[in-house]
Every structure is written in structure tokens, then in C-alpha cells.
Novice: 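Got a structure for you, questions after.
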Amino acid sequence: VTPENFSRQLDLLGKTASFLSLDDILDVINGIKTLPERSAVVTFDDGLREQYELALPILKRKGIPAIFFVNTRPVRENIVTATHKIHILRAQTSPDRLLAVLGRIMEQEGIALDLPAEDKASAVYRYDTPEAARLKYFLNHMLDERQQDLVVGRCFEELDFDESEISGKLYMTKDMTAELARAGVLGTHGHAHRPLGLVENEEAVSDLDRSLTLLKQWTGCEMKALSYPFGFREACSEAVAGHALARGVRFAFTMERAANANLDRPMFLGRFAPNDVFSTDNRRFLDNFWERITPARWFR
């Protein structure tokens with residue numbers, strides 16, 4: 001979304017909803033405030049520099065709060081996550097060339113290129129073409145971490161992408177995260193952008209702990225909010241939620257396309273992507289959005 005479209009979307013949303021901050025949500029959870037009937041929270045995942053440089057000034061001008069969820073591994077190690085490598089490979093490489101390179105590397109490594117069924121992939125990547133959705137689902141969710149790092153990393157290298165240079169331009173710096181934390185708008189998106197509910201619990205706990213520890217070191221602040229990487233139901237879990245609560249996290253967002261009628265289950269809050277909400281020309285909400293919205297049901 002362009003900065004101009006983002007600004008218009010905020011204006012549309014602000015005509016029908018009250019914007020809530022991270023502290024507002026905590027106050028509702030603690031019983032200090034009542035949840036407005038129509039309220040909205042603006043969230044950003046992945047800790048991208050463009051969110052700080054382009055979106056944050058617009059939010060400040062309009063006086064609208066937001067929450068920025070950051071992955072710590074790219075900032076600490078100057079790498080690009082596999083998820084973003086896949087985005088970049090797809091955006092800057094023709095499909096035929098990418099599939100040719102990918103197929104050759106996987107054959108060399110003895111890994112089968114077994115794409116998922118179209119309906120399964122499109123349920124997660126609903127705004128991609130079926131072919132793109134199947135490839136993204138395969139790379140993001142059907143390879144284990146070792147296979148993913150190996151295959152996607154080799155594709156990145158063989159197609160001449162400079163990982164260190166891209167990382168420096170793509171992600172926020174430690175100083176940026178510290179500024180956001182001081183403003184009370186920072187949360188964790190995990191360390192390495194892994195689907196925490198699909199890995200062994202020990203690995204999920206370790207990933208979350210590393211993120212919380214590093215963000216505390218960089219910012220001096222304890223994180224109170226989590227966004228589950230990927231956010232589909234299987235990527236979330238009661239076990240991860242319980243550990244996050246034990247570490248001081250008070251609420252978390254999934255990617256269940258649903259409203260939160262209350263905050264009784266704050267570790268599994270639903271939310272929408274902008275494409276779920278706005279018409280293509282940004283002139284209006286989708287027809288009867290508030291009337292058609294369904295309540296969150298995951299883990300309830």
C-alpha cells in the first residue's frame with residue numbers, strides 16, 4: 001500500500017471506529033477501561049524500516065496510535081528472513097526462472113518439490129494467484145527450517161542478491177526499536193519469524209525467549225504484546241501463549257479474520273488485513289463490513 005492510500009484508509013476507518021493504543025488494550029484487559037463498541041487497532045508485522053520511515057510520520061500527524069511487531073534475528077544478525085527472501089525472489093525474478101533454479105537446487109539436495117493442493121494454499125494466501133499461493137505455501141510451511149534455509153538461501157545467492165545489503169535497507173535498526181518502545185508502541189513478532197505452533201515446543205519457547213530478551217536489551221522495556229508469525233491457526237498454540245504470558249506478554253494477535261467482541265481471550269485476538277476491509281479504490285469500506293463481521297472463535 002502506498003503512503004497516500006494508507007492515509008486514506010486511516011481516514012475511512014477513523015470515521016467509524018475509535019483507535020486504541022497498546023496501553024488502551026492493557027487497560028481494557030485490566031478492567032480500567034471499557035472496550036468501545038467499534039474500535040480498531042493499527043498493527044504492523046516484521047519490523048520493516050518502511051513502517052518506521054513512511055507509516056509512522058503519517059500516524060503521528062493524525063494522532064493515531066499503532067503497534068509495531070518486530071522480529072529480532074534480522075536486526076541482530078543482519079540477515080533476511082526466509083519469508084522475505086521468498087517475497088523478494090518472487091517479486092524480482094520471473095516465475096519460470098525461479099522455478100527452474102528452485103527445482104535444480106532441490107534435486108541436488110534430494111528434496112521433492114511437492115506443491116500443496118490449490119485450496120489449501122489459497123486459504124492462507126488468499127490475495128495471491130493459485131500458482132503463487134502454492135509455491136509460497138510450499139516454501140514457507142512444507143519445508144523444515146533446515147531445508148528452508150538451505151533451499152531459499154541458495155536461490156538467493158545464485159540469483160545474485162546481496163543479503164547483508166538488503167537486510168540493512170529492509171529492517172528497522174536497534175535505535176528505531178528503542179524509540180518505538182519508549183513511545184509504548186512496540187511488540188514482539190518472535191526471533192526468526194517461525195510458525196511457533198508448528199515447531200517443537202522447546203524450539204518455540206527458545207525463539208520467543210530470544211526475542212523478548214533481545215528487545216529488553218535494546219530498548220530497556222518489557223514487551224507486553226505478541227503477533228504470532230504467519231498467524232494462521234496452526235501457527236498459534238496454547239503452549240506458546242502460556243509461555244508468553246509467563247514472560248509478561250499480556251495479549252497477542254493471530255490472523256483469524258474476525259472481530260474481538262471482548263478481550264476475554266487476549267492471547268488469541270483476531271484481526272484483518274487491509275485487503276479484507278477496504279474496497280480497491282479506498283473510497284469506502286467493503287459493503288456492510290461492521291454488520292457482516294464475525295466474532296473470533298479460535299481457542300474459545
Side-chain angles (χ1 to χ4, degrees), residues 1 3-45 51 55-69 123 126-127 180 183-189 223-228 230-233 235-236 238 241 244-245 248-300:
V1 62
E4 294 75 20
N5 280 344
F6 175 61
S7 179
R8 286 194 288 269
Q9 289 174 352
L10 291 174
D11 291 341
L12 283 170
L13 189 56
K15 291 178 180 179
T16 61
S18 301
F19 289 106
L20 301 184
S21 68
L22 191 157
D23 285 340
D24 289 332
I25 298 173
L26 293 176
D27 285 344
V28 173
I29 293 172
N30 293 330
I32 299 171
K33 292 183 178 179
T34 301
L35 190 67
E37 181 179 358
R38 289 185 176 180
S39 53
V41 183
V42 180
T43 64
F44 298 88
D45 286 353
Q51 297 163 359
L56 185 60
I58 295 171
L59 291 160
K60 286 182 175 180
R61 284 199 303 271
K62 296 177 181 292
I64 296 174
I67 309 175
F68 297 82
F69 294 99
R126 61 177 66 183
Y127 297 112
L180 294 175
V185 298
L186 188 69
T188 179
H189 197 42
M223 295 299 106
K224 301 296 184 183
L226 162 70
S227 167
Y228 297 97
F230 300 102
F232 57 90
R233 183 171 183 133
C236 315
E238 294 275 14
L245 278 167
V249 174
R250 299 297 307 283
F251 64 90
F253 285 102
T254 72
M255 272 309 301
E256 180 184 11
R257 267 76 172 186
N260 305 290
N262 56 60
L263 301 189
D264 292 347
R265 292 285 282 166
M267 295 304 293
F268 299 102
L269 300 178
R271 62 175 169 171
F272 292 88
N275 286 336
D276 300 322
V277 178
F278 298 101
S279 59
T280 53
D281 59 8
N282 279 343
R283 292 178 182 171
R284 57 177 174 79
F285 280 117
L286 291 175
D287 292 337
N288 303 314
F289 173 75
W290 291 103
E291 290 72 24
R292 293 190 297 105
I293 202 169
T294 57
R297 295 187 175 90
W298 291 0
F299 302 96
R300 286 162 174 78

Novice: For a quick test of reading the model, state the closest non-hydrogen atom pair linking K33 to D24 and the distance between them.
Specialist: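 The answer is NZ-OD1, 2.6 Å.
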Novice: On a heavy-atom basis, which atom in I25 and which in V41 lie closest, and how many Å separate them?
Specialist: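 Smallest interatomic distance, heavy atoms only, reads CD1-CG2, 3.7 Å.
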Novice: Check the pair M223, F69 against side-chain contact (heavy atoms from CB on, under 4.5 Å), reporting the backbone distance first and the verdict last.
Specialist: CA-CA 10 Å; M223 295 299 106; F69 294 99; over 6 Å; no
Novice: Could you give the distance from OG (S21) to CG (D27), rounded to the nearest 0.5 Å?
Specialist: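 Taking OG in S21 and CG in D27, the distance rounds to 7.5 Å.
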Novice: T16: which residues meet the side chain to side chain donor-acceptor pair (under 3.5 Å) condition with it, sequence neighbours left out?
Specialist: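 T16: side chain to side chain donor-acceptor pair (under 3.5 Å) contacts with W290.
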Novice: Distance only, no hydrogens: is a donor on one side chain within 3.5 Å (strictly under) of an acceptor on the other, for N30 and R250?
Specialist: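 Looking only at side-chain atoms, R250 and N30 do form a donor-acceptor pair, the distance falling under 3.5 Å.
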Novice: Tell me if a side-chain donor or acceptor on R271 pairs with a main-chain N or O of T254 at a distance below 3.5 Å.
Specialist: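 Checked: pair present.
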Novice: On a heavy-atom basis, which atom in F44 and which in A66 lie closest, and how many Å separate them?
Specialist: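 Nearest heavy atoms, F44 then A66: CE1-CB, 4.0 Å.
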Novice: According to the interplanar angle, ranging from 0 to 90°, do the rings of F289 and F272 count as parallel (below 30°), tilted (30 to 60°) or perpendicular (above 60°)?
Specialist: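 Rings of F289 and F272: perpendicular, as their planes differ by over 60°.
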Novice: Name all residues meeting the side chain to side chain donor-acceptor pair (under 3.5 Å) criterion together with R233; count only those two or more places apart in sequence or in a different chain, and write none if there are none.
Specialist: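 If we apply the side chain to side chain donor-acceptor pair (under 3.5 Å) test to R233, skipping adjacent residues, there are no hits.
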Novice: Excluding sequence neighbours, so at least two apart, what forms side chain to side chain contact (heavy atoms under 4.5 Å, CB included) with I58?
Specialist: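 Counting only residues at least two positions away or on another chain, I58 forms a side chain to side chain contact (heavy atoms under 4.5 Å, CB included) with P3, F6, S7, L10, R61, K62.
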Novice: Suppose we screen for salt bridge (charged side-chain N to carboxylate O under 4.0 Å, His left out). Which residues come up paired with R265, at least two apart in sequence or across chains?
Specialist: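 Checked R265 against salt bridge (charged side-chain N to carboxylate O under 4.0 Å, His left out); matches are E238.
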Novice: When rounded to the nearest 0.5 angstrom, what is the spacing between CG in L20 and CD1 in I64?
Specialist: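 It comes to 12.0 Å.
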Novice: Of the non-hydrogen atoms in A252 and Y228, which two are nearest, and what is the gap between them?
Specialist: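 Minimum heavy-atom separation between A252 and Y228: CB-CE1, 3.5 Å.
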Novice: For V185, what residues pass the side chain to side chain contact (heavy atoms under 4.5 Å, CB included) criterion, not counting sequence neighbours?
Specialist: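 Partners of V185 under the side chain to side chain contact (heavy atoms under 4.5 Å, CB included) test: F68, L180, A183.
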Novice: Nearest 0.5 Å, what's the CD1-CG distance between I67 and L22?
Specialist: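 Going from CD1 on I67 over to CG on L22, the span is 4.5 Å.
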Novice: How far apart are the closest heavy atoms of L226 and A244, and which atoms are they?
Specialist: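 That would be CD2-CB, 4.3 Å.
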Novice: Taking all non-hydrogen atoms of both residues, which atom of P274 and which atom of Q9 are closest, and how far apart?
Specialist: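 Shortest heavy-atom contact: CB-OE1, 4.0 Å.
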Novice: Taking the six-membered ring for Trp, are F232 and F230 parallel (under 30°), tilted (30 to 60°) or perpendicular (over 60°)?
Specialist: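 Tilted, since the angle between the ring planes falls between 30° and 60°.
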Novice: Return the set of residues passing side chain to side chain contact (heavy atoms under 4.5 Å, CB included) with A261 (not counting sequence neighbours), or none when no residue passes.
Specialist: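 With neighbours one apart ignored, the set is empty.
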Novice: Once rounded to the nearest 0.5 Å, what's the spacing between atom CZ of R257 and atom CD1 of I293?
Specialist: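 So the gap between those two atoms works out to 12.5 Å.
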Novice: Going through the checks in order, is the side-chain contact (heavy atoms from CB on, under 4.5 Å) test met by F19 and L13?
Specialist: CA-CA 9 Å; F19 289 106; L13 189 56; 3.7 Å; yes
Novice: State the CZ-CE distance between F299 and M267, to the nearest 0.5 angstrom.
Specialist: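 Answer rounded to 0.5 Å: 11.0 Å.
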Novice: Test your reading of the model: is there a side-chain donor-acceptor pair from Y127 to the backbone of D276, 3.5 Å cut-off?
Specialist: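 Indeed, once roles are kept as given, a pair shorter than 3.5 Å links the two residues.
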Novice: Set out, in order, the CA-CA distance, both residues' side-chain angles and the distance that settles side-chain contact (heavy atoms from CB on, under 4.5 Å) for F251 and L263, then state yes or no.
Specialist: CA-CA 9 Å; F251 64 90; L263 301 189; over 6 Å; no
